Asker: 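I have a structure I would like to understand better, so I am pasting it below and will then ask my questions one at a time.
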There are 2 protein chains.
Amino acid sequence: MPKSLIYDVAQRAGVSIKTVSRVVNNEPNVRENTREKVLAVIKELNYRPNASARKLASQKSYLIALLYDDPSLYDNPSSNYVLNLQQGALRICKSETYDLLIHPCDYRDKNLNQEVSSLIHNSRVDGLLLAPPLSDQKSLIETIAATDTPFALISPGNKTLTPLSVFTNDREVSAEMTEYLAFLGHKKIAFIKGDPEHKALQERYSGFKDGMRNSGLKIEKNFVKNGDNSFGCGELFAKQLLSLKNPPTAIFCCNDDMANGVLRTAYKMGIKVPDSLSVAGFDDIPLAEQTNPSLTTIRQPVRSMTEHALEILMDKVKNRESKISPDDLLIKAKLVIRESTGKAPS
Amino acid sequence: MPKSLIYDVAQRAGVSIKTVSRVVNNEPNVRENTREKVLAVIKELNYRPNASARKLASQKSYLIALLYDDPSLYDNPSSNYVLNLQQGALRICKSETYDLLIHPCDYRDKNLNQEVSSLIHNSRVDGLLLAPPLSDQKSLIETIAATDTPFALISPGNKTLTPLSVFTNDREVSAEMTEYLAFLGHKKIAFIKGDPEHKALQERYSGFKDGMRNSGLKIEKNFVKNGDNSFGCGELFAKQLLSLKNPPTAIFCCNDDMANGVLRTAYKMGIKVPDSLSVAGFDDIPLAEQTNPSLTTIRQPVRSMTEHALEILMDKVKNRESKISPDDLLIKAKLVIRESTGKAPS
DNA sequence: AAGAATTACGACAGCGCTGTCTTTAGTTTA
DNA sequence: TAAACTAAAGACAGCGCTGTCGTAATTCTT
């Protein structure tokens with residue numbers, strides 16, 4: 001199958017190359033029957049426009065960059081999150097004939113701003129999508145905004161930042177989980193916080209506080225730990241908490257990795273879960289289904305979240321009215337109740 | 001920073017645009033001091049060649065496609081593997097100023113051949129890198145070969161297929177693990193096989209057989225199970241094996257997911273690991289460190305494997321002599337001994 | 001030191017599209 | 001039915017590079 005050019009199509013359809021171009025790009029001012037004729041020839045010749053030529057002539061890149069924090073830098077098992085991001089982004093890009101440039105970063109890297117701005121300049125991307133925690137980095141956002149490149153965020157919590165953002169209800173659902181634990185009879189509930197730079201994780205802590213208040217429970221100071229999202233710190237803090245003379249009966253962790261660490265410590269200390277201790281996580285990584293016991297947690301629909309965010313971005317990139325209603329912007333997470341939570345010991 | 005063109009650089013350096021082009025592309029026939037002068041100006045003006053223009057003029061795409069089986073289709077936790085693939089590929093691409101097109105596929109999809117050939121034609125990729133199990137799909141390889149597009153494989157086991165391939169020693173290292181179990185005193189060793197279409201997993205079984213033979217042990221028929229790589233089947237087969245009147249004292253699984261399933265069943269059945277049962281996996285997914293007990297397994301250096309494979313591919317794409325020696329083609333996996341294996345019960 | 005061989009560099013066309021502008025066909029109005 | 005308009009289609013330049021080929025500068029011969 002020899003690759004055909006726009007000229008071939010034009011000639012065979014008896015029109016000018018410009019008309020073919022109009023059809024290909026869905027531009028107006030083409031009569032319906034000529035459009036059909038051209039489309040037929042395109043199909044017949046299996047014509048695909050040369051991406052580089054389009055880009056060069058149109059001064060666009062047809063490229064969307066997906067920026068995310070690279071979990072393999074910490075070698076943790078939540079990489080599934082990234083794959084879901086990519087999948088969602090890929091799907092929308094494909095449907096809009098854009099390409100996707102994946103760009104794993106280290107959100108702690110001090111040169112991040114420079115790295116991203118050179119990405120924008122060198123690759124001349126038409127738009128950027130930022131996943132948390134990169135979407136929390138204020139100076140990064142400002143850097144990008146200064147380049148006038150459209151961007152969208154997957155962002156936790158509040159809606160004030162920018163209109164180009166999809167939001168999660170981390171706070172509300174964390175409150176819900178807390179209330180669920182209270183409902184099970186737990187009164188001594190511990191919380192292991194995550195990285196403070198991760199805004200979503202802060203929101204989860206706020207949600208925990210809400211939930212405790214709503215349940216008429218008060219938070220004991222030494223039941224709250226400052227974790228760093230890692231399995232290891234879940235282990236460590238569990239050891240501390242469970243060695244207390246008056247230990248908590250439930251531990252709610254900011255993410256599944258830490259919850260898994262708690263599970264391990266409980267196992268080692270011979271503390272039965274959920275009989276003597278309830279454990280809850282957040283994220284619903286695939287592993288959560290496979291732990292002993294399996295983990296009660298909270299699931300976020302990462303893929304559809306990403307797809308929404310990217311659709312918003314594409315609207316911006318293509319300068320068209322957004323069809324996404326504000327209601328669609330809030331992506332709701334849900335409790336997933338498994339084996340690691342149960343009635344409070346009496 | 002206004003974006004500068006090749007003309008700007010040429011003018012400022014007092015040379016023609018062609019000379020600038022030569023410098024940028026590392027072509028010969030440029031005097032050392034003019035090269036330096038041009039490089040200085042490039043730096044000064046922060047010149048970056050327009051990728052689309054290069055592609056159009058050179059009739060190349062500067063694009064490498066990375067094809068892999070999408071683990072999120074099965075929602076399993078080994079997605080870290082993919083991230084490592086991507087990272088390795090990204091690193092080499094960046095250093096060669098190529099872009100990376102990620103292309104997750106379903107290796108069971110019957111339209112895969114067509115999908116890939118249209119990828120090649122539409123995106124006009126300069127080269128493809130296939131990860132297992134896609135690299136095992138004979139008809140896919142033939143399809144790609146027919147397009148004359150350079151490609152490289154990350155391929156298990158034997159070296160006969162093609163020179164453009166990086167190999168793993170799945171078989172040898174599986175034998176090693178088996179011998180290690182034998183060394184610990186185990187005589188009744190079970191094996192849970194993986195997906196038969198996955199060539200690497202077959203190799204692992206062959207290695208198991210080698211190891212048993214080398215240790216003077218014989219394989220009991222009902223100690224060998226045909227798994228499908230999933231956690232669930234690990235659970236299931238463990239239940240079957242451990243319910244035998246004369247159960248195995250060690251179970252070696254083709255991958256960590258299944259080994260993790262075994263661990264769970266043992267936990268549920270109250271069988272102590274490693275005291276009464278040793279369990280070994282393969283892959284060293286991040287989770288393997290976090291199970292209860294942590295998992296003895298085998299680690300493959302996926303990242304460096306990918307980097308090697310891509311370097312070979314780039315040599316082919318750029319039509320230059322490969323600097324990679326045949327010895328580098330064999331990427332060796334290593335045993336990682338953790339808590340799940342121990343002396344055979346006496 | 002003059003010619004031959006070689007290396008360094010430049011002029012210019014053209015890669016395959018899209019944007020702009022112009023022309024033609026078609027439709028409406030008076 | 002002609003003038004005035006609008007919709008549809010075409011002509012053509014040019015996006016920013018690289019490839020080819022021609023010419024100038026340099027080095028190597030003897």
Side-chain angles (χ1 to χ4, degrees), chain A residues 2-39 41-42 45-63 97-99 121-124 126 317-319, chain B residues 2-39 41-42 45-63 97-99 121-124 126 317-319:
Chain A
K3 55 183 108 173
S4 41
L5 305 181
I6 199 171
Y7 297 98
D8 306 325
V9 176
Q11 190 172 24
R12 198 137 217 294
V15 298
S16 74
I17 58 165
K18 182 65 220 190
T19 299
V20 177
S21 171
R22 286 194 181 95
V23 171
V24 168
N25 295 292
N26 266 308
E27 285 172 30
N29 298 339
V30 180
R31 235 185 300 272
E32 195 46 38
N33 59 334
T34 63
R35 181 184 301 276
E36 277 163 19
K37 192 169 52 181
V38 170
L39 284 174
V41 175
I42 285 175
L45 300 186
N46 190 31
Y47 167 71
R48 303 285 157 212
N50 178 308
S52 302
R54 301 179 79 178
K55 291 176 189 177
L56 181 58
S58 66
Q59 303 283 70
K60 288 180 210 151
S61 72
Y62 291 95
L63 256 188
T97 66
Y98 271 59
D99 282 330
H121 285 107
N122 293 354
S123 302
R124 294 164 167 85
D126 289 340
V317 165
K318 295 197 162 178
N319 235 321
Chain B
K3 55 184 110 176
S4 41
L5 306 180
I6 198 170
Y7 298 97
D8 307 325
V9 176
Q11 190 171 24
R12 198 135 217 294
V15 297
S16 74
I17 58 164
K18 182 65 220 190
T19 298
V20 176
S21 171
R22 287 194 180 96
V23 171
V24 168
N25 294 291
N26 265 307
E27 284 172 31
N29 297 339
V30 181
R31 233 187 301 269
E32 196 45 39
N33 58 334
T34 63
R35 180 183 303 274
E36 278 163 17
K37 191 168 52 183
V38 170
L39 284 174
V41 175
I42 286 175
L45 300 186
N46 190 31
Y47 167 71
R48 302 286 158 213
N50 179 308
S52 302
R54 302 178 81 179
K55 291 175 189 175
L56 182 58
S58 66
Q59 301 285 71
K60 288 181 212 154
S61 70
Y62 292 94
L63 255 187
T97 66
Y98 271 58
D99 282 329
H121 285 107
N122 294 354
S123 300
R124 294 167 168 81
D126 289 340
V317 165
K318 295 198 162 178
N319 235 320

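Since the model is a prediction, treat every value here as computed from it, not as a measurement. Here is the naming used below: chain letters follow the sequence lines, and residue numbers restart at 1 for every chain.
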Asker: Quick check for you: to the nearest 0.5 Å, what is the distance between A/D99 atom CG and B/D99 atom CG?
Answerer: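 One finds 9.0 Å between CG of A/D99 and CG of B/D99.
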
Asker: Roughly how far, to the nearest 0.5 Å, is the OH atom of A/Y62 from the CG atom of A/D126?
Answerer: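 Separation between the atoms: 8.0 Å.
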
Asker: Taking the side chain as C-beta and beyond, is there a heavy-atom pair between B/N50 and B/K3 under 4.5 Å?
Answerer: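 No, every pair of side-chain atoms sits at 4.5 Å or beyond.
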
Asker: Looking at every heavy atom in both B/L5 and B/Y47, which two are closest together, and how far apart are they?
Answerer: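 Heavy-atom minimum between the residues: C-CE1, 3.6 Å.
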
Asker: Chain B on DNA chain C: first and last contacting nucleotide, 5' to 3', under 4.0 Å to a heavy atom?
Answerer: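 In short, chain B contacts DNA chain C from C/dT7 to C/dG16.
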
Asker: With DNA chain C as reference, determine whether B/Q59 or B/R35 sits nearer its 5' end, using the nearest nucleotide of each.
Answerer: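 The residue closer to the strand's 5' end, by nearest nucleotide, is B/R35.
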
Asker: Between B/S52 (side chain) and A/K55 (backbone), is there a donor-acceptor pair under 3.5 Å?
Answerer: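 It does not hold such a pair.
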
Asker: For DNA chain C, whose closest nucleotide is more 5', that of A/K18 or that of B/L56?
Answerer: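 Checking each residue's closest nucleotide, the 5'-ward one belongs to B/L56.
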
Asker: Between residues 47-55 of chain A and DNA chain D, which residues have a heavy-atom gap below 4.0 Å?
Answerer: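 Under 4.0 Å from DNA chain D: no residue of residues 47-55 of chain A.
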
Asker: Give, ordered by number, those residues of residues 19-34 of chain A having at least one heavy-atom distance below 4.0 Å to an atom of DNA chain C; if nothing qualifies, reply none.
Answerer: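 Only A/S21, A/N25, A/E27, A/R31 qualify.
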
Asker: Could you tell me which residues satisfy side chain to side chain donor-acceptor pair (under 3.5 Å) with B/T19, sequence neighbours excluded, listed by chain and number?
Answerer: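 Result, side chain to side chain donor-acceptor pair (under 3.5 Å) vs B/T19: B/S16.
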
Asker: Are any of the side-chain heavy atoms of B/K60 and B/V317 separated by less than 4.5 Å?
Answerer: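 No, too far: nothing below the 4.5 Å cut-off.
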
Asker: Tell me, which pairs form a salt bridge (charged side-chain N to carboxylate O under 4.0 Å, His left out) where one or both residues lie in residues 10-21 of chain A, sequence neighbours left out?
Answerer: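 Checked against salt bridge (charged side-chain N to carboxylate O under 4.0 Å, His left out) - neighbours excluded - the pairs reaching residues 10-21 of chain A are A/R12-A/E44.
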
Asker: Show the atom names and distances, to 0.1 Å, of all donor-acceptor pairs under 3.5 Å that link a side chain in residues 25-38 of chain B to residues at least two apart or in another chain.
Answerer:
unit_1, atom_1, unit_2, atom_2, d
B/N25, OD1, B/R54, NH2, 2.6
B/N25, ND2, B/S21, O, 2.8
B/N25, ND2, B/S21, OG, 3.4
B/T34, OG1, B/R31, O, 2.8
B/R35, NH2, B/E27, O, 3.2

